[in-house]
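What follows is a single structure, written as structure tokens, with notes after it.
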Amino acid sequence: MNKYLLSKKIVINELSTFYSFLIGLSIGIGIGSIILLTQGQNPIEVFSLMLRLSVGSVKSISTSLNKAIPLILAGLGISIINSVKLWNIGAEGQIFMGGIALNFLYINTEISSPNLMIVYLLITSFIGGAVCILFPAIAKVLFGVNEIITTLLFNYIIIGLTIYLVNGPWKDPGSLNFPAATYVGKEVYLPTVFGRLSYGFIICFLCTIGVHYLKEKSVFGYELRISGGSALTAIYAGINAKQKAFIAMLIGGGLAGLAGGVELLSQTHRVSTGLSQGFGYTAIIVAAITGMRPFGIFLVGSLFGALTIGGSVIQTMGVSSYIADVIQATTLFGALIAQFFFTYKIIKVSEDV
Amino acid sequence: MNQIILEAKNITKSFGNTNALKNVDFYLYESTIHGLLGENGAGKSSLMNILSGIYQPENGSLYIDGEKVKKLNPDIASKLGIGMVHQEFRLIDNFSIKDNLTLSKANIYTNSFHEGYEKYSDIFSLTVNYSTPISELSVGEKQKIEIMKLIFNNNKIMLLDEPTAVLTPQETNQLKISLKKLSKEDGKTIVLITHKLKEIQEFTDYIFVLKDGVMVAKDLETKNVTKNELITLMMGEIKQSEIRKDNQKGTNKLEIENISFENTHSNVPTLENLSLKVRAGEILGIAGVSGNGQVELANIISGIEREYSGKVIVNGKNISNQGVSSRKNLNLSYIPENRLGVGLAPGVSIIDNSAVKDYYKARFGPHLSGNKMLNYLNILIKQFSIKAPNPKAEVSTLSGGNMQKLLMGRELISNPEVIIAAQPTRGLDVNAVEALHDLIVMQRDKGAAVMLISEDLDELFKLSDRIIVMYEGRIVKEFSMDEADIESVGLAMAGLNE
């Protein structure tokens, strides 16, 4: 009788994550096509329209990239927290908290220079996101409470807080009963380049480089890797693993908060329940597909931004925009399976007595 | 003499390149308690796992009641009446005693549970109600339920893997009485795996001894053998030492004074008032069966464990209040027993692992120089002949010997003044062991004070200048090499001081 075992490959191709992504994307597009066919649509037509409307012109590329900003920033946050093998499922709540913190500062301070004000506001949104993950981080390092549960549950708390604020104290009297806070003034809108591409994209790119440096080239990143590999090794090496995990969680939460801040100042211009459209959750997909690599997150986040834009425009053809969600989800699924086969090989062992 | 109920002939089993069992013959008499004695890694558990169908041997055959068994897996073994209690409990904590006992299809007391439970709870002197959930039981009670489970599953041959390891002396005594009743009155055939001599003499009728995968003695009648004979069989003859012992010893490098340590965690031994000194150029061997406080002592010296009383002194300087990093700066190296998990971080690359001790030397402010780390790794690879083709590969892809060379190289390259090495060669092949021994001796000759913690008496006798024996958190005996012999060290390790 033969038995099959999984064995980890000694040398894993460095580009394997990229290949996995391509395989996953093909699977995603394939399954998307099948669904479109069952709906009586021509997939080639639908996809070419999606392509044209999401990346066909400077204008549409800018729109797509704007959509990608919160995905990338939140994804970077998830990536840095994952250096210590922890998962942040709370990016969605942190995005809202970033927006709320920003709006709080905006309402309560007056600074004459708008540019300086923008900087302060964005820093505040970062702090807001960090505060949002503070409790899960404390619970994790002090009591070992599973961070997946606590960060997830905090989403509901923060979204509850948002609903309260936009229906109560911050409600815009001019919003015709639509639950939203008052708009921020035009002077603090993030400027744009190429027509509509937000400066947020530049922030995003700088953060990508920063997170890459922090994770791969810095002492802090090294300490995170060792702590994530084995807490006992960290203690043995004299690394305060809990402290490092705590700091990583705050930075990660802060980046998601910054995503909320940038989104508010460049897109929605006010706090409402529509500040994030599930960015925090899609960011988990983006981060997971890329194996938590910052530049991968930058590229895949951009692509997913385009997919979302493409998905929303094909509604005009009578196709549900959820086709974009289907493609994103099946891409993750396919990429993870492909990554599995890049990482493991199946070996046959004989089991004769 | 009772009838032979199970016979294993010519069993051979290897894992990778290491032979766990070599042409082992083993047989069991009905209604008898057998002791299977051997050091850690002698092959006891492998043999039991083969009998219970978990491992498949490469060679050999098995007969039950004289009939050859063609195919064996845990299911078939259980049907043939072979059951095993593993070292870790396999009970469902949230289920009641009754649910755990009746879980298996093989349960023979389906319709008469109360009758069965009454009978055997009496034999085991178990006073808890069967509706009690397992989570509310003491460790000793859980152990009894584990054994009872075998009875309820109609297993007449019961293999017990170190059943007393977790028990108090009182519980051990009770277990002895229960097992004797089971074999004499209830007709059960029992195998007790242990390395504790006292128990094997008190519990068993016949003794089998495994050493390095070979059955060196079988069918010894317990009442006719002495402890000393068993120790010699179990540990073997000590090979002639090949290491020069004319090393120059200097001043005291490492001193510990009155170290006491108590931990509320279960299974962590308590240390009582330990004091010892190691001089420059000297190797002090710490003998003892693992789990007698050696790991805790090493953790205290290296600074990992901080909650203790007493003094740790390096080079005349009291460092009791210092943490791991500042102790490393004193050029103190610690090679932990658990090489993958403590010494090396699994899932992290070889290059990252190579820098665990000295990564701060590659830092410039917040920056960590990848080139410096790579240079350092290449030096290690060259100097310690490590086979590590890809620095970015996970460290767990290395062979055990190369892993240990990486770990020891990393800890020794700076020529530390004090070295704590715990089980540095456990589980490695002969060539790797030789290479690592040479490394330790080289450090000794460079003037390091070495504390070598080991269970392997061959290794201790070969390398040490002095041997201290630890038992249950205390230093029970100290030997100079002239007066040390395998018997007296072995007896001290077993807690039997004449």
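Being a predicted model, the structure only gives us computed values, none of them experimental. The sequence lines fix the lettering, A, B, ..., with proteins before strands; numbering per chain opens at 1.
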Counting heavy atoms not belonging to A/Y199, are there more than 12 under 6.0 Å from its OH?
no
Are side-chain heavy atoms of B/R363 and A/Y222 found at a separation under 4.5 Å?
no
For B/E305, is it the side chain, the backbone, both or neither that has a heavy atom under 4.5 Å from a heavy atom of chain A?
neither
For the student: nearest non-hydrogen atoms of B/D352 and A/I226, plus distance:
O-CD1, 4.0 Å
When rounded to the nearest 0.5 angstrom, what distance separates CD1 in A/I239 from OH in B/Y359?
4.0 Å
Taking every heavy atom of A/K217 against every heavy atom of B/H367, the minimum-distance pair comes out as O-ND1, 3.5 Å
Against chain A, label B/R339 side chain, backbone, both or neither, depending on which of its atoms sit under 4.5 Å from a heavy atom there.
neither
Counting only N and O atoms by type, is there a donor-acceptor contact under 3.5 Å from the side chain of A/T233 to the main-chain atoms of B/G343?
no
B/Y27 atom OH: more than 12 heavy-atom contacts under 6.0 Å:
yes
Given B/P336, B/G303, B/S61, the one with more heavy-atom pairs under 4.5 angstrom with chain A than any other is B/P336
Does atom CZ of A/F205 have more than 12 heavy-atom neighbours from other groups under 6.0 Å away?
no
Top residue by heavy-atom pair count (under 4.5 Å) with chain B, among A/V219, A/L214, A/L232?
A/V219
Find the one option among B/N353, B/V356, B/L340, B/N338 whose heavy-atom pairs under 4.5 Å with chain A are most numerous.
B/V356
side-chain contact (heavy atoms from CB on, under 4.5 Å), that's the test. Do B/V324 and A/Y236 meet it? Break it down for me.
CA-CA 7 Å; B/V324 173; A/Y236 164 80; over 6 Å; no
Looking at A/F18, I'd like to know if its CZ atom is crowded, meaning that more than 12 non-hydrogen atoms belonging to other residues, nucleotides or ligands lie closer than 6.0 Å.
no
So if I apply the side chain to side chain contact (heavy atoms under 4.5 Å, CB included) rule between A/I235 and each of B/I304, B/V342, B/N299, which one comes out positive?
B/I304
What part of B/A355 gets closer than 4.5 Å to chain A, counting heavy atoms only: side chain, backbone, both or neither?
both
Heavy atoms from other residues, nucleotides or ligands near OH of A/Y120 exceed 12 (cutoff 6.0 Å)
no
Considering only heavy atoms and a distance below 4.5 Å, find which of B/G341, B/A362, B/S396 pairs most often with chain A.
B/G341
Using a 3.5 Å distance criterion without hydrogens, assess whether the side chain of A/S230 forms a donor-acceptor pair with backbone atoms of B/P346.
no
When rounded to the nearest 0.5 Å, the distance separating CG of B/L368 from CD of A/E223 is 8.5 Å
At a 4.5 Å cut-off on heavy atoms, which part of B/Y334 comes close to chain A: side chain, backbone, both, or neither?
both
Side-chain donor/acceptor of B/K328 to backbone N/O of A/G238, under 3.5 Å:
no
Interface moiety of B/L344 toward chain A, non-hydrogen atoms closer than 4.5 Å:
backbone
